[in-house]
Amino acid sequence: MLRFYNTLRNKKEPFVPLHPEKALIYTCGPTVYDYNHIGNFRSYIFEDLLRRYLKFKGYQVTQVMNITDVDDKIIKASKAAGKDIGEYTRKYIDAFFADLDALRIERAEFYPRATEHIPQMVLLVKRLQEKGFAYTRENSVYFRLSDFPSYGKLSKIDLQGIKPGARIDLDEYGKEDVRDFVLWKGKKEGEPFWETELGPGRPGWHIECSAMSMHYLGESFDIHTGGVDLIFPHHENEIAQSEAATGRQFVRYWLHCRHLIVEGEKMSKSKGNYYTLRDLLEEGYEPQAIRYLLLSTHYRRQLNFTKEGLTQATHSLKNLGDFLLRLRQSKPVEGYNQALGKAAKEATAGMERALDDDLNISPALASLHQLVKEVNISLERGEVGEKNISEIRGALENFDRITGILPAVEEEPLDETIRKLIAERDAARQNKEYHKADLIREKLSRMGIILEDTRNGVRWKREP
RNA sequence: GGCGGCGUAGCCAAGUGGUAAGGCAGAGGUCUGCAAAACCUUUAUACACCGGUUCGACUCCGGUCGCCGCCUCCA
């Protein structure tokens with residue numbers, strides 16, 4: 001039985017979707033004022049695991065990830081760059097999708113942009129006005145918290161604890177109560193705005209997620225995810241404005257991903273430990289290794305992202321790649337290995353047992369490694385039959401469908417020169433002309449081809 | 001100050017009231033012309049520290065130290 005840790009109640013709960021067989025998910029996406037950093041990708045990879053696993057479990061998944069393409073930071077940055085916000089954000093939106101692809105993150109079904117859903121937001125604010133939850137000051141519209149008594153149920157925050165302080169946005173001096181939050185920001189000089197029934201202005205931060213999630217998923221849906229930092233105030237405010245408007249439960253399961261730290265410290269630009277995906281790729285790390293590292297720690301645990309960790313992940317991946325190559329090039333023997341058949345089944349079962357428990361990834365990866373080990377032993381003994389191979393492949397495909405970490409092992413056709421050199425060396429070896437054979441092997445190595453002599457003849461692979 | 005999380009081998013990381021999964025790295029060995037790969041063996045008198053509860057705690061309770069997070073726009 002699939003269970004998730006629900007922030008709403010701070011405990012693991014069985015996953016029972018609104019509609020059987022369907023899973024409706026909203027994930028807080030990027031604000032496109034800059035490249036995403038590895039912390040963002042930890043969230044996206046957690047959400048990727050979530051959607052992949054739900055699909056594996058047979059749910060028809062609809063995932064929506066918003067793209068915030070208008071906000072204070074974007075306005076500021078685009079002004080500095082002398083561009084309008086559409087032009088400014090395009091580059092980062094493109095980069096965002098390119099990064100997702102590099103990390104093998106599956107595409108969500110929808111990527112709505114805030115600027116393209118202004119009417120939905122206006123409609124939602126109007127509903128709140130009609131129900132008396134909203135008021136207007138200085139051309140901005142605010143949500144009145146005192147009218148929504150269940151405020152704080154997600155973050156368990158004590159409203160009394162929120163006192164006026166230095167952090168209050170100076171733009172929002174018109175609020176009745178400092179704890180109220182803005183739904184619609186009145187037009188200001190030099191800022192982009194939309195002419196709407198609420199007057200000229202732009203959306204507040206929280207309203208886009210409520211409006212777009214309900215637009216694509218309905219007024220009530222299954223899962224909403226994001227980083228832990230969003231619990232308060234963002235998600236709390238989403239709940240308030242959504243449930244106040246509809247009178248229904250907004251989201252059934254709230255899943256939050258813990259932040260990562262880098263080399264033992266909080267990631268920050270000033271500390272020099274702030275990495276975008278691009279930074280790491282430029283240093284020569286493989287995107288797959290980054291995915292592996294970000295995926296391999298449970299999403300609710302703090303992950304210490306280090307260069308050493310990346311190196312370890314790279315090694316793990318190389319070992320898995322060697323295994324896949326070995327499996328591919330192995331020649332099946334007659335018969336069927338019962339024990340191995342059992343092991344293949346147990347591998348998938350073990351993974352499922354682990355992931356059912358709030359996506360507990362570590363034991364899931366352990367069952368992958370256990371399968372690898374058992375297959376290697378059988379391969380060593382020459383006890384792997386045809387049917388075993390297809391069962392093992394099936395198990396591995398399951399792992400890859402869910403984790404997306406198995407290295408690709410396409411057998412690229414070798415060019416004629418290399419093919420000849422390999423044959424030449426093989427002949428030399430047969431004739432015990434080892435010096436000549438070694439020279440050719442070195443030559444191939446310089447060309448990026450690694451040779452391994454096995455009982456079944458020579459095996460080659462590309463240098464990692 | 002308020003609230004919360006964590007501290008397991010060189011590194012990463014599961015886990016449980018009855019004496020510690022897995023991965024990476026290391027060491028020794030088998031195989032190999034040599035290598036590589038693989039396999040075998042090995043690497044935590046014990047889970048931050050100090051008390052307590054218990055027949056028994058790494059696992060429960062209390063305290064200490066350390067790291068981290070949230071407390072209005074940061075995934």
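First the proteins, then the strands, lettered A, B, ... as listed; each starts at 1.
Relative to the side chain of D453(A), the nucleotides C34(B), A38(B), A21(B) differ in distance, and C34(B) lies closest. Out of A37(B), A21(B), A25(B), the shortest distance to the side chain of K318(A) is found at A37(B). Ranking A35(B), C11(B), A13(B) by closeness to the R301(A) side chain, first place goes to A13(B). For D322(A), whose side chain is taken as the heavy atoms from C-beta onward, the closest listed nucleotide among A37(B), A25(B), G33(B) is A37(B). With distances taken from any side-chain atom of M267(A) to the nucleotides C71(B), A75(B), C24(B), the minimum falls on A75(B). Considering only the side chain of H315(A), C24(B) comes nearest among C24(B), G69(B), G33(B). Of all nucleotides listed (A38(B), G69(B), A36(B)), G69(B) comes nearest to the side chain of R258(A). Residue R179(A) places its side chain closer to U72(B) than to any other of C24(B), A37(B), U72(B). Considering only side-chain atoms of Q312(A), the nucleotide from U72(B), G23(B), C40(B) that sits closest is G23(B). In the set G33(B), C39(B), G22(B), the nucleotide with an atom closest to the side chain of H369(A) is G22(B).
For RNA chain B, no neighbouring residue in residues 346-359 of chain A is found when judged by any heavy atom under 4.0 Å. For the contact set between residues 41-51 of chain A and RNA chain B, defined by any heavy atom under 4.0 Å, the members are S43(A).
When each of V384(A), I389(A), L325(A), V375(A) is paired with S330(A), the side chain to side chain contact (heavy atoms under 4.5 Å, CB included) condition holds for I389(A) and for no other. Each of Y92(A), Y275(A), F96(A) was checked for a ring-ring contact (aromatic ring centres under 6.0 Å, His included) with Y35(A), and the lone residue meeting it is Y92(A).
The base of G69(B) is not paired with the side chain of D229(A) by any donor and acceptor separated by under 3.5 Å.
Under the Watson-Crick and G-U wobble criteria, each requiring two contacts below 3.5 Å, nucleotide C34(B) is left unpaired. Pair assignment for C49(B) gives G63(B), based on Watson-Crick or G-U wobble hydrogen-bonding distances that are each under 3.5 Å. Pairing for A57(B) is absent, with no Watson-Crick or G-U wobble pair whose two atom distances lie under 3.5 Å. Across all strands shown, nothing is found opposite A44(B) as a Watson-Crick or G-U wobble partner with both distances under 3.5 Å. Base pairing analysis places G69(B) opposite C3(B); the two distances defining the Watson-Crick or G-U wobble pair are each below 3.5 Å. Pair assignment for G10(B): C24(B), on the basis of Watson-Crick or G-U wobble contacts that are both within less than 3.5 Å.
Within 4.0 Å (heavy atoms only), E380(A) reaches at least one base atom of the nucleic acid. If you check every strand for non-hydrogen atoms under 4.0 Å, G226(A) touches sugar and phosphate atoms only. Residue L379(A) is classed as having no contact, given no heavy-atom separation below 4.0 Å to the nucleic acid. Across all strands, L260(A) comes closer than 4.0 Å to base atoms (heavy-atom distances).
Following rounding to the nearest Å, I207(A) (CD1) and U72(B) (C1') show an atom-to-atom distance of 16 Å. Between the CZ atom of F232(A) and the P atom of C73(B) there is a distance of 10 Å, given to the nearest Å. What separates NE2 of H298(A) from P of G7(B) is a distance of 13 Å, to the nearest Å. Residue D71(A) contributes atom CG, which lies 14 Å from atom C1' of U72(B) at whole-angstrom precision.
For the OP1/OP2 pair of G4(B) and a distance below 4.0 Å, the side-chain nitrogens and oxygens of K156(A) include no atom meeting the criterion. Considering only side-chain N and O atoms, K73(A) lies under 4.0 angstrom from the phosphate OP1 or OP2 of C74(B). OP1 or OP2 of G15(B) sits under 4.0 Å from a side-chain N or O of N360(A). Between N376(A) and C39(B) there is a side-chain polar atom (N or O) within less than 4.0 angstrom of OP1 or OP2. OP1 or OP2 of C12(B) has not a single side-chain nitrogen or oxygen of K307(A) nearer than 4.0 Å. Of the side-chain N and O atoms in N319(A), one or more sit less than 4.0 angstrom from OP1 or OP2 of C24(B). Listed pair S316(A) / G23(B) fails the phosphate criterion, with no side-chain N or O lying under 4.0 Å from OP1 or OP2.
Residues R425(A) and E452(A) both approach RNA chain B. Their nearest nucleotides, taken by heavy-atom distance, put R425(A) toward the 5′ side.
Using bins of under 30°, 30° to 60° and over 60° for the plane-to-plane angle, the ring pair W254(A)/F250(A) lands in the tilted bin. Using cut-offs of 30° and 60° on the angle between ring planes, the pair H224(A) and Y26(A) is tilted. Aromatic ring pairs are classed by plane angle as parallel below 30°, tilted from 30° to 60° and perpendicular above 60°; the pair H256(A) and H235(A) is tilted.
Between the side chain of E236(A) and the backbone N or O of K153(A), at least one donor-acceptor pair lies under 3.5 Å.
Here, A21(B) and G62(B) have their C1' atoms 31 Å apart, quoted to the whole Å.
Between E13(A) and R9(A) there is a salt bridge, since a side-chain N of the basic residue sits under 4.0 Å from a carboxylate O of the acidic one.
A cation-pi geometry, defined here as NZ or CZ lying under 6.0 Å from the six-membered ring centre and within 45° of its normal, holds between R300(A) and Y5(A).
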